[in-house]
*Asks:* 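Just dropping this structure here.
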Amino acid sequence: LCFAQKDVFQLKDLEKIAPKEKGITSMSVKEILQSLVDDGMVDTDRIGTSNYFWAFPSKALHARKRKLEELESQFAESSQKKESLEKSIEKSKIGREDTADRAALLKELAALRQKKEQLKTEIDKYRECDPDVVEEMRQTNQVAKEAANRWTDNIFSIKSWAKRKFGFEESRIDKGFGIPEDLDYID
């Protein structure tokens, strides 16, 4: 409608004209107009207390030209990138021609990789005997032992406190809290 008449309109004018000329219900004109404004197809500006809407064919033409230029630029960049990649592929093919020597070297490489994997699994079998692993296990065990003794000390402290505070017997505290009779520090 704005293209056809090349004029500026207010919303109330469009709500009257659009149902007659374009068959759009007057209730949906505002929605459609807002959608067109959001898409940049119709321009709007507030002048005083009124909102004015317009869309001129030249703006759409310029937008399409900008988009076309942008796409052509992207196409040129992509074409140049494609060419450089093809040149890179050709360059990398040099020295990799399928020859008997190359096939033998590839076969040897595959065999060496397989042997490497076998040796790796062999090493993993003997990992338990590795001095570094054994030392790490000793240190871990020491930390665990210290933690167990700390908790044992805490249990004895709480038992002592409970005996003083409430006058419970030690066997009664052990039974109530499920503490084994032979609980002692780890050497």
Side-chain angles (χ1 to χ4, degrees), residues 28 30-42 44-46 51 63 66-67 69-187:
S28 63
K30 186 174 181 180
E31 247 177 64
I32 294 170
L33 190 56
Q34 186 59 47
S35 174
L36 291 171
V37 168
D38 291 342
D39 292 342
M41 296 174 75
V42 172
T44 182
D45 203 0
R46 185 174 189 87
N51 286 330
R66 276 194 311 273
K67 184 67 175 175
E69 288 170 2
E70 182 182 320
L71 291 172
E72 285 174 345
S73 170
Q74 287 177 356
F75 179 74
E77 286 177 25
S78 297
S79 296
Q80 188 176 14
K81 189 174 182 180
K82 179 186 173 196
E83 277 183 40
S84 70
L85 288 173
E86 286 175 347
K87 285 179 185 176
S88 174
I89 288 171
E90 290 302 317
K91 219 181 212 184
S92 64
K93 283 183 179 179
I94 296 172
R96 293 186 178 182
E97 294 83 16
D98 288 333
T99 62
D101 288 343
R102 179 171 167 77
L105 289 172
L106 286 174
K107 195 180 239 186
E108 184 180 347
L109 178 65
L112 289 172
R113 284 184 177 159
Q114 186 178 10
K115 179 148 181 136
K116 178 185 173 188
E117 289 301 315
Q118 288 173 350
L119 291 173
K120 214 180 232 185
T121 55
E122 184 87 16
I123 288 172
D124 287 343
K125 279 188 214 174
Y126 300 111
R127 183 166 169 76
E128 295 171 0
C129 299
D130 185 4
D132 294 337
V133 174
V134 170
E135 184 58 33
E136 186 180 328
M137 288 171 59
R138 281 189 185 135
Q139 289 176 353
T140 304
N141 288 344
Q142 184 63 31
V143 169
K145 181 179 167 183
E146 289 171 3
N149 285 335
R150 190 172 38 253
W151 280 103
T152 303
D153 194 36
N154 291 344
I155 291 170
F156 286 150
S157 296
I158 290 174
K159 280 173 55 175
S160 173
W161 175 80
K163 282 196 304 192
R164 278 194 320 268
K165 182 81 174 172
F166 302 111
F168 290 140
E169 296 174 17
E170 194 169 326
S171 62
R172 189 170 169 202
I173 293 171
D174 289 346
K175 187 176 182 187
F177 289 102
I179 300 170
E181 292 176 21
D182 61 344
L183 178 69
D184 202 1
Y185 295 100
I186 299 172
D187 290 331

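The residues of the chain are indexed from 1 along the displayed sequence.
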*Asks:* With a sphere of 6.0 Å drawn around CD of E135, does it hold more than 12 non-hydrogen atoms of other residues, nucleotides or ligands?
*Replies:*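 Yes - once you tally the heavy atoms of other residues, nucleotides and ligands closer than 6.0 Å, there are more than 12.
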*Asks:* To check you understand the geometry: which heavy-atom pair defines the closest contact between I186 and K145, and what is its length?
*Replies:*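 Shortest heavy-atom contact: O-CE, 3.5 Å.
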*Asks:* Rounded at 0.5 Å granularity, tell me how far NZ in K115 sits from CD in E108.
*Replies:*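 Here the rounded value is 12.0 Å.
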*Asks:* Has F156 got more than 12 heavy atoms of other residues, nucleotides or ligands less than 6.0 Å from its CZ?
*Replies:*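 Above 12, so yes.
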*Asks:* Measure from the side-chain N and O atoms of N149 to the backbone N and O of Y185, and report whether any donor-acceptor pair falls under 3.5 Å.
*Replies:*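 No; judged by distance alone, with no hydrogens or angles, the pair does not exist.
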*Asks:* Using atom types as modelled and distance alone, determine if a side-chain donor or acceptor of S79 lies under 3.5 Å from a backbone N or O of F75.
*Replies:*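 Here the side-chain-to-backbone pair exists.
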*Asks:* Give a yes or no on whether Q80 atom CD has more than 12 heavy-atom contacts from other residues, nucleotides or ligands under 6.0 Å away.
*Replies:*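 Counting neighbours around CD of Q80, 12 or fewer heavy atoms of other residues, nucleotides or ligands fall under 6.0 Å, so no.
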*Asks:* Check K159 against I179 and note the closest heavy-atom contact, atom names and distance.
*Replies:*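 It is CD-CD1, 3.9 Å.
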*Asks:* Decide yes or no on side-chain contact (heavy atoms from CB on, under 4.5 Å) for E90 and K93, but give the supporting numbers first.
*Replies:* CA-CA 5 Å; E90 290 302 317; K93 283 183 179 179; 4.2 Å; yes
*Asks:* Determine yes or no for a side-chain-to-main-chain donor-acceptor pair under 3.5 angstrom, with S88 supplying the side chain and S84 the backbone.
*Replies:*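 Absent.
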*Asks:* Quick one: CG on D182 to CG on D174, what's the gap to the nearest 0.5 Å?
*Replies:*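 Answer rounded to 0.5 Å: 10.0 Å.
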*Asks:* When rounded to the nearest 0.5 angstrom, what distance separates CG in L36 from OG1 in T44?
*Replies:*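 So the CG of L36 and the OG1 of T44 are separated by 11.5 Å.
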*Asks:* Measuring from K81:NZ to L85:CG, what's the distance to the nearest 0.5 Å?
*Replies:*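 Going from NZ on K81 over to CG on L85, the span is 6.5 Å.
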*Asks:* Once rounded to the nearest 0.5 Å, what's the spacing between atom CD of E69 and atom CG of L71?
*Replies:*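 E69 atom CD to L71 atom CG measures 10.5 Å (nearest 0.5 Å).
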*Asks:* Check the pair S73, E77 against side-chain contact (heavy atoms from CB on, under 4.5 Å), reporting the backbone distance first and the verdict last.
*Replies:* CA-CA 6 Å; S73 170; E77 286 177 25; 3.7 Å; yes
*Asks:* Donor-acceptor pair, distance only, cut-off 3.5 Å: does the side chain of S78 make one with the backbone of Q74?
*Replies:*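 Yes.
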*Asks:* Checking side-chain polar atoms at under 3.5 Å, does Q142 have a donor or acceptor matched by the opposite partner on E146?
*Replies:*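 Present: a donor and an acceptor within the cut-off.
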*Asks:* Measure the spacing between CG of L119 and CD of Q114 and express it to the nearest 0.5 Å.
*Replies:*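 If we round to the nearest 0.5 Å, L119:CG and Q114:CD are 11.0 Å apart.
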*Asks:* Do other residues, nucleotides or ligands put more than 12 heavy atoms under 6.0 Å from R172 CZ?
*Replies:*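 Open: at most 12 neighbouring heavy atoms sit under 6.0 Å from CZ of R172.
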*Asks:* Kindly indicate, with the supporting measurements, whether the criterion ring-ring contact (aromatic ring centres under 6.0 Å, His included) is fulfilled by F168 and W161.
*Replies:* CA-CA 10 Å; F168 290 140; W161 175 80; 9.9 Å; no
